[in-house]
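In what follows, a single structure is set out as structure tokens and then discussed.
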Amino acid sequence: MSERFDPARADSHWQQVWDEKQCFRADDASGKPRSFVLEMFPYPSGRIHIGHVRNYTMGDVLARYKRMRGFEVLHPMGWDAFGMPAENAAMEKGVHPGGWTRENIANMKAQLKRLGFALDWSRELATCEPDYYGHEQALFLDLYAAGLVYRKESAVNWDPVDMTVLANEQVIDGRGWRSGALVEKRKLSQWFLKITQFADELLEGLGALDKWPEKVRTMQENWIGKSRGLQFRFSLSNGDDLEVYTTRPDTIFGATFVAVAPDHPVAQGVAMYNCDAAKFIDRCKQGGTTAADIETAEKLGFDTGIGAKHPFTGKHLPVYIANFVLMEYGTGAIMAVPGHDQRDFDFATKYGLPILRVVAASAEEADRPFAGEAEAGDGVCVNSGFIDGMRVAEAKAAVTARGEAEGWGEARTQYRLRDWGVSRQRYWGTPIPFIHCDSCGVVPVPRDHLPVVLPDDVDFSVPGNPLDRHPTWKHVDCPDCGKAARRETDTLDTFVDSSWYFLRFASQPGDRPFDPAAIAKWLPVEQYIGGIEHAILHLLYARFWTRALAHIGLIEVKEPFASLFTQGMVTHETYSRSEGGREVYFSPGEVTRSAEAAVLKADGGPVEIGRVIKMSKSKKNVVDPDEIVATYGADAIRWFMLSDSPPERDLPWSEAGIEGCGRFVQRLWRLFGQFDAAATGEDKALDRKRDQTVAAVADDIEALSFNKAVARIYELATAIEKAPLSASRSAAIRALLLIVAPMMPHIAEEAWQAMASGLVAEAQWPQVDPALLVEDEVTIAVQVKGKLRDTITAAKGLPEEELKALALASEKVQRSIDGAEIRKIIVVPDRLVNIVA
RNA sequence: GCGGACGUGGCGGAAUGGUAGACGCCGGGGACUUAAAAUCCCCUGAGCUUUGCUCGUGCGGGUUCGAGUCCCGCCGUCCGUACCA
């Protein structure tokens, strides 16, 4: 073996060998137990960034480990290839989105290959290709046929300069993020998916996802936002009815006013004849929508002069237009109970409306005044007619029952979740497979006409949707009546593309989206790994899509991801200087970093070292994985990704850290080089250390606690280095190589050649001798009154009395007791003796 | 405001209620070398009257023979979310 490990040569060599032998191709017909390991597929932005490296390294370690444990592993990779950046590139650089995207894919694929991931490239897919999105169109039509797709007029953010619809995130301070133009609200006919029909199922399903982070489940739960309450009608003094929704029907006797949203029909009606009301409504719309704005926003109201008749007392409550009532939730109107809702309390205080107590800790406290704020807690009903004395829960049921019996209200379950609007007025997405005909209406594209393929000859030199102004593409004949008709020019939200790609990985038939039998074999994904930023949208949509397909009988599986892991970000400190009043940032490569300070290479002047934050282009605190691989090799960067920080937390990148990883790779190489098949002699302690490490590393990998596995591997390496030559030592080196292999596959493969035949990629995880996992000697801590005074070595399993005797025999212990009376001795077998004196 | 996570050396972090700081990084000292790189060895929480002792896991209480870990109350940081009736 050569003196130094040369990653530049070894990495590409072994990558080629794995490719040629198709080592990581998943066999559908395999009789082995299966494991589907999946990382969230990347958007082909152009370059792999370090966050991808961390994500895919974790998945790769798990996939390679599972393979060594005898599983048939499916570990695929693909491209979430539709989306706006491609269109932006088209507009800015005059390139075609398709060409730009496919070039990026080629580059990024080469980058991933240089990192040595054990991927089944035969299943690679890109969502922008007709052989993917054509099947998506078919699934969309299936859902349409099942009544899960519909069209509805809906308000959108319209950018009048770019002539396009903007997502909420693209509207900044009321202006389009690209054009800077004031965004208008427009009503457009949009396609929707009925995710709300599955709201309850999606919520209930969370309960079974016990291998998902609590945090993600909570976020989805809040997003779905289920609440139970009473929807009921007030008769208004103008002859109309007003529908309101409340989760606190028990407080109905405490209602002292009624409020409607500024865009509620009642408010709009008043504005027709009352210009003060119209002015008020306009004023409400001016308020900002940022968190800070809402936090500080004052409660504003306008008294319409209309009265609402209370269903029990018959009293007339004033009806206000109020800025804090939302049209989008419930009915857009509320009964206001100032005593038991803080918002209503604030409003009533401001406008001098009565505040009544209808819930109290006990009946005796019925008249207790409020201490400056509403009381939303539990208690018994007071001042509340027929529900007096009932607990809150009981009263809710009683009022609801009365409302239903008398016909003025009904129990209702309300969700925050809205149906999923999937229409996008863009080119680079999956065409929605419908045709608009003046005679027949909206007609699905016949199955045998799929896929509806995007035209290539599109023009981005003018704003707007290129599909809409394409000279020929949208002009087709109606499939039903044959008359001239128009294609739908909207494309699907890219979240649709990522809602089923994991199903397509399991099988890729040409004539249908997937083979249900293959899905039954591979799904659910055993371990899904990705960023927390997808906690709600992607993960909720994918769950919905899977359930919807199960609902219409296409597949059996209902939850796509059995276990979810959300990894932390890779961070780096920033380097900057204040120049002319603004911060100028420098990349790590432009800076020389010493222990305490950093200087700019260009001029030798100092730069300020900023906080350790997520890598971002604007702060220039990025490192390019390719450069790291070129300098240190794939194994070193993979090792760095796994070291130190727990995988769910942020990982601070540092030059010193990657250098240390590079050194460890070489240290391993020297150690592997000391493997001596002819060595003889037994080293029991090293045998024990070896098997303990093998077992512990296995546990750590399965728990995704890579940082702990790394620490144990360092310990074993040190133990081997210190051990004298023996057969045990060679056995330990060999075991070390095998347990390092999932993390650093290239050096493992290279060194394996001197130890055994075949490939590490096809080797088995080392067996352990259970007898070696238990120690025969233990170190006992001896405490006096809970403080450590001595440690003694004893045979494992020594009886309590003997341990006590050993502890009391210690000189240090006796000195510490100092002749005091021993009141009690606590013995924890094999661990500790505590003498209470 | 609400929900969640977290708070341990100079840094990243270990620690089934049982020897706090494993392991790595940084730093210091030494060996080898003409020199450097590489490598190897040792030290590295603070303090003290240094065979050893005291203090020490954000702060204040509590439970326990024993608390980083459990309970109560604070403080702080980060993330998510929001006038959801």
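Each chain gets a letter, A, B and so on, in the order the sequences are listed, and its residues count up from 1.
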Does B:G17 have a Watson-Crick or wobble partner in any strand here, with both distances under 3.5 angstrom, and which is it? none
Partner nucleotide, any strand, of B:U54 [Watson-Crick/G-U, under 3.5 Å]: B:A46
Given that both distances must come in under 3.5 Å, which nucleotide forms a Watson-Crick or G-U wobble pair with B:U63? none
Hunt down the Watson-Crick or G-U wobble partner of B:A85, both distances under 3.5 Å, from any strand shown, or write none. none
Contact letters for nucleotides 68-73 of chain B, in which S counts primed atoms plus P, OP1 and OP2 and B counts the base, heavy atoms under 4.0 Å: ------
If we ignore angles and hydrogens, is there a donor and acceptor under 3.5 Å between the side chains of A:Asn621 and A:Thr574? no
So, is A:Arg343 close to the B:C84 phosphate, meaning a side-chain N or O under 4.0 Å from OP1 or OP2? yes
For A:Tyr245 and B:A85, is the shortest distance between a side-chain N/O and OP1 or OP2 below 4.0 Å? no
Charged N-O contact under 4.0 Å between A:Arg357 and A:Glu375: yes
Per A:Thr247 side chain, nearest of listed nucleotides B:C79, B:A22, B:A85: B:A85
Under-4.0 Å salt bridge between A:Lys708 and A:Asp700: no
Quick one: is B:U19 close enough that its OP1 or OP2 comes under 4.0 Å of any side-chain N or O from A:Arg831? yes
Between A:Phe253 and A:Phe312, how do the two ring planes meet: parallel, tilted or perpendicular, split at 30° and 60°? parallel
Would you say a side-chain N or O of A:Lys708 is under 4.0 Å from OP1 or OP2 of B:A14? no
Round to the nearest Å and state the distance from A:Asn222 atom CG to B:C84 atom C1'. 11 Å
Side-chain ion pair, A:Arg248 and A:Asp341, N-O less than 4.0 Å: no
Under 4.5 Å between any side-chain heavy atoms of A:Gln674 and A:Arg729, yes or no? yes
Syn if the chi torsion is within 90° of 0, anti otherwise; quick check, which is B:G9? syn
So, is A:Arg670 near the phosphate of B:C40, with a side-chain N or O under 4.0 Å from OP1 or OP2? yes
Let's test your reading of the model: under 3.5 Å, does the base of B:G18 pair with the side chain of A:Gln783 as donor and acceptor? yes
Are the charged groups of A:Arg217 and A:Glu221 less than 4.0 angstrom apart, N to O? no
Applying the Watson-Crick and G-U wobble criteria at under 3.5 Å, what pairs with B:A37? Answer none if nothing qualifies. none
Is there a side-chain polar atom (N or O) of A:Arg789 under 4.0 Å from OP1 or OP2 of B:U54? yes
According to a strict under-4.0 Å criterion, is A:Arg649 in side-chain N/O contact with OP1 or OP2 of B:A5? no
